[in-house]
Amino acid sequence: MKRRTLMLASAAVALMALPLQAQERTHVTLLYTATTGFMTAWVATDQGFFANHGVDVDLQMAQNGSVIVAGVVSGSAEVGLPTPTVAFQAIENGLDLRAFASTNIFPETANAGVVVGADSGIETAADLVGKTVGVPGVGGLLDVTMRQWLSTNGVDLSQVNIVEIALPQTGDAIRAGQVDAVASVDPFSSRAVDSGVGRLIGNYFDVIPDGSAAGIFVTTADWAAENAEAIEGMQRALIEAADFIREHEAEARESIARYTTLPPPVVANVPLPNLGGALDPQVSLGFWNDLAVRQGLIYEPIDLETFVIPFPAE
């Protein structure tokens with residue numbers, strides 16, 4: 001009896017000595033789209049950084065950014081990686097969301113812009129009048145930015161037909177004549193150009209101020225309130241992932257290939273994104289807030305101070 005008591009006591013002491021994340025783990029399904037800007041989430045999963053902070057992440061790829069918020073709100077995922085304007089529209093429609101990190105920030109190093117057919121004869125924004133342009137999601141970052149780029153170049157948006165095209169279909173949609181152009185981004189814009197199918201005629205990212213977030217980690221306000229430790233753990237893991245990427249490019253590219261399903265030779269030539277991390281309400285999201293109002297996506301500016309969960313103090 002004494003031996004059994006001693007063994008139980010020893011086991012209890014050992015359990016108490018374990019770090020919190022080893023005792024209490026949080027499962028998170030995370031929805032993403034296959035763009036290189038989201039690679040910190042992939043690397044944090046592959047290299048065990050999320051797990052080291054007590055969060056078991058199951059990555060699931062969504063067809064486009066439009067369905068990500070719906071997945072989070074429905075409970076099929078706890079966290080999603082939408083663009084800011086998609087999240088803002090959801091809040092405008094009455095959903096209570098929180099953002100706790102950025103994926104990547106501008107200026108973006110990845111190749112991006114309007115991809116047109118190599119022999120299309122389209123050279124400038126003005127040449128897109130009367131043409132059909134594909135975007136990965138109406139109301140998403142690439143869509144609203146491309147519209148701003150067109151407007152800045154004097155194009156009447158009512159004279160351009162804008163339709164949804166999944167990013168992986170950039171080259172195929174142009175080749176098949178489904179669209180005349182696609183507002184695309186790496187690795188899909190580079191793949192279309194390198195294959196000889198397309199050409200870039202302009203980088204719509206030029207209209208975006210430096211420091212603006214390209215994608216954000218979003219969850220519901222209720223989940224955030226109930227899982228504050230898990231969110232802090234994910235924030236710390238993302239910092240570690242960004243540091244790892246800067247020192248271990250080969251391993252980072254393996255994660256890109258795995259989660260975009262692109263061949264390694266294609267991924268080898270894709271520029272790595274400008275990695276994000278902490279969100280500053282105004283610097284990271286202020287431009288998108290103003291743009292969403294100007295384009296009629298939302299009627300009132302979002303309360304960014306409430307929306308953003310700060311990073312933990314070092």
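Since this is a predicted model, take the numbers as computed values, not measurements. Here, residue 1 is the first one in the sequence, and each next residue gets the next number.
- Annotation: Phe205 is not in aromatic contact with Trp149 [ring centroid separation under 6.0 Å not met].
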**OP:** Kindly indicate, with the supporting measurements, whether the criterion side chain to side chain contact (heavy atoms under 4.5 Å, CB included) is fulfilled by Ile91 and Asn93.
**Re:** CA-CA 5 Å; Ile91 295 172; Asn93 289 325; over 6 Å; no

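- Heavy atoms only, all atoms of each residue included: Gly196 and Ala118 are closest at O-CB, 3.4 Å.
- Between Leu262 and Ile256, the closest side-chain pair of non-hydrogen atoms is not below 4.5 Å.
- If you take CG on Asp56 and NE2 on His27, they are separated by 7.5 Å, rounding to the nearest 0.5 Å.
- The backbone N or O of Ala278 lies less than 3.5 Å from no partner atom in the side chain of Gln235, so there is not a single donor-acceptor pair.
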**OP:** Take Leu31 and Leu81 through the test side chain to side chain contact (heavy atoms under 4.5 Å, CB included) and record every step on the way to the result.
**Re:** CA-CA 6 Å; Leu31 290 176; Leu81 303 182; over 6 Å; no

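- Side-chain contact between Leu150 and Leu157: present, with at least one pair of heavy atoms (C-beta onward) separated by less than 4.5 Å.
- At least one donor-acceptor pair closer than 3.5 Å links the side chain of Asp280 to the backbone N or O of Val283.
- Here the closest heavy-atom approach between residue Gly121 and residue Arg199 is recorded as N-NH2, 4.0 Å.
- Placement of Tyr259 and Val67 in two distinct hydrophobic clusters is found when ILVMFWY residues are connected by side-chain heavy-atom separations under 4.5 Å, directly or transitively.
- Counting only heavy atoms from C-beta outward, the side chains of Val144 and Leu297 approach each other to under 4.5 Å.
- Under a 4.0 Å N-O distance rule, the pair Arg175/Asp172 qualifies as a salt bridge.
- A salt bridge links Arg236 with Glu232; the closest basic N to acidic carboxylate O contact falls under 4.0 Å.
- In terms of hydrophobic clustering, with Ile, Leu, Val, Met, Phe, Trp and Tyr side chains grouped at heavy-atom distances under 4.5 Å, Leu142 and Ile68 are assigned to different clusters.
- Arg147 and Asp143 are joined by a salt bridge, as a carboxylate oxygen and a charged side-chain nitrogen come within less than 4.0 angstrom of each other.
- For the residue pair Gln60/Asp58, the side-chain donor-acceptor check at 3.5 Å is satisfied.
- Interatomic distance, CD of Gln282 versus CZ of Phe287, reported as 14.0 Å (0.5 Å rounding).
- Using a distance-only test at 3.5 Å, with no hydrogens or angles considered, no donor-acceptor pair links the side chain of Thr33 to the main chain of Thr35.
- No hydrogens or angles considered: nothing links the side chains of Asp222 and Thr220 as a donor-acceptor pair under 3.5 Å.
- A continuous path of Ile, Leu, Val, Met, Phe, Trp and Tyr side chains, each step under 4.5 Å between heavy atoms, connects Val293 with Leu291, placing both in one hydrophobic cluster.
- The shortest side-chain heavy-atom distance between Asn274 and Pro107 falls under the 4.5 Å cut-off.
- Judged purely by atom type and a 3.5 angstrom limit, Ser212 has no side-chain atom pairing as donor or acceptor with the backbone of Ile208.
- When side chains are defined from C-beta on, Ile105 counts as touching Ser102, because their heavy atoms get closer than 4.5 Å.
- No side-chain donor-acceptor contact under 3.5 Å links Ser184 and Ser189.
- A distance of 9.0 Å separates CE in Met61 from CH2 in Trp42, rounded to the nearest 0.5 Å.
- No donor-acceptor pair closer than 3.5 Å links the side chain of Thr132 to the backbone N or O of Val179.
- With hydrogens and angles disregarded, no donor-acceptor distance shorter than 3.5 Å links the side chain of Glu123 to the backbone of Ile201.
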Subject >> Trace of the salt bridge (charged side-chain N to carboxylate O under 4.0 Å, His left out) decision for Arg246 with Asp243 >> reply: CA-CA 5 Å; Arg246 295 183 183 101; Asp243 291 340; 3.3 Å; yes

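- In this structure, Trp288 contributes its side chain and Ala213 its backbone to a donor-acceptor pair below 3.5 Å.
- For the residue pair His248/Gln47, the side-chain donor-acceptor check at 3.5 Å is not satisfied.
- Hydrophobic clustering (ILVMFWY, side-chain heavy atoms < 4.5 Å, transitive): Leu238 and Val43 are in one cluster.
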**OP:** Evaluate the criterion side chain to side chain contact (heavy atoms under 4.5 Å, CB included) for residue pair Phe50 and Met234; output intermediate values, then yes/no.
**Re:** CA-CA 6 Å; Phe50 283 144; Met234 293 182 74; 4.0 Å; yes

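- Of the possible polar contacts, one joining the Thr83 side chain to the Leu141 backbone as a donor-acceptor pair under 3.5 Å is found.
- Taking CZ of Phe244 as the reference point, atom OG of Ser255 lies at 7.5 Å (rounded to 0.5 Å).
- Contact annotation: the side chain of Lys131 never approaches that of Asn161 to less than 4.5 Å [non-hydrogen atoms, C-beta and beyond].
- Note that the CD1 atom of Ile231 and the NE2 atom of His53 stand 14.5 Å from one another [nearest 0.5 Å].
- Between Val155 and Leu128, the closest side-chain pair of non-hydrogen atoms is not below 4.5 Å.
- To the nearest 0.5 Å, atom CG of residue Asn203 and atom OG1 of residue Thr145 are 10.0 Å apart.
- Contact of the Thr219 side chain with the Leu97 side chain is not registered, since no non-hydrogen atoms from C-beta on lie closer than 4.5 Å.
- Between the Arg25 side chain and the Ala51 main chain, a donor and an acceptor come within less than 3.5 Å of each other.
- Few gaps surround CG on Asp156; more than 12 heavy atoms of other groups in view lie less than 6.0 Å from it.
- Contact detail for Gly139 and Gln89: the closest heavy-atom pair is O-NE2, 2.9 Å.
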**OP:** Step by step, work out the side chain to side chain contact (heavy atoms under 4.5 Å, CB included) result for Thr170 and Val197.
**Re:** CA-CA 10 Å; Thr170 295; Val197 171; over 6 Å; no

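- The main-chain N or O of Ala214 is never found under 3.5 Å from a side-chain atom of Asn104 such that the two would form a donor-acceptor pair.
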**OP:** Apply the test ring pair (Phe, Tyr, Trp, His ring centres under 6.0 Å) to residues Phe100 and Phe217: give CA-CA distance (whole Å), side-chain angles for both, the deciding distance (0.1 Å), then the verdict.
**Re:** CA-CA 6 Å; Phe100 60 86; Phe217 287 77; 5.7 Å; yes

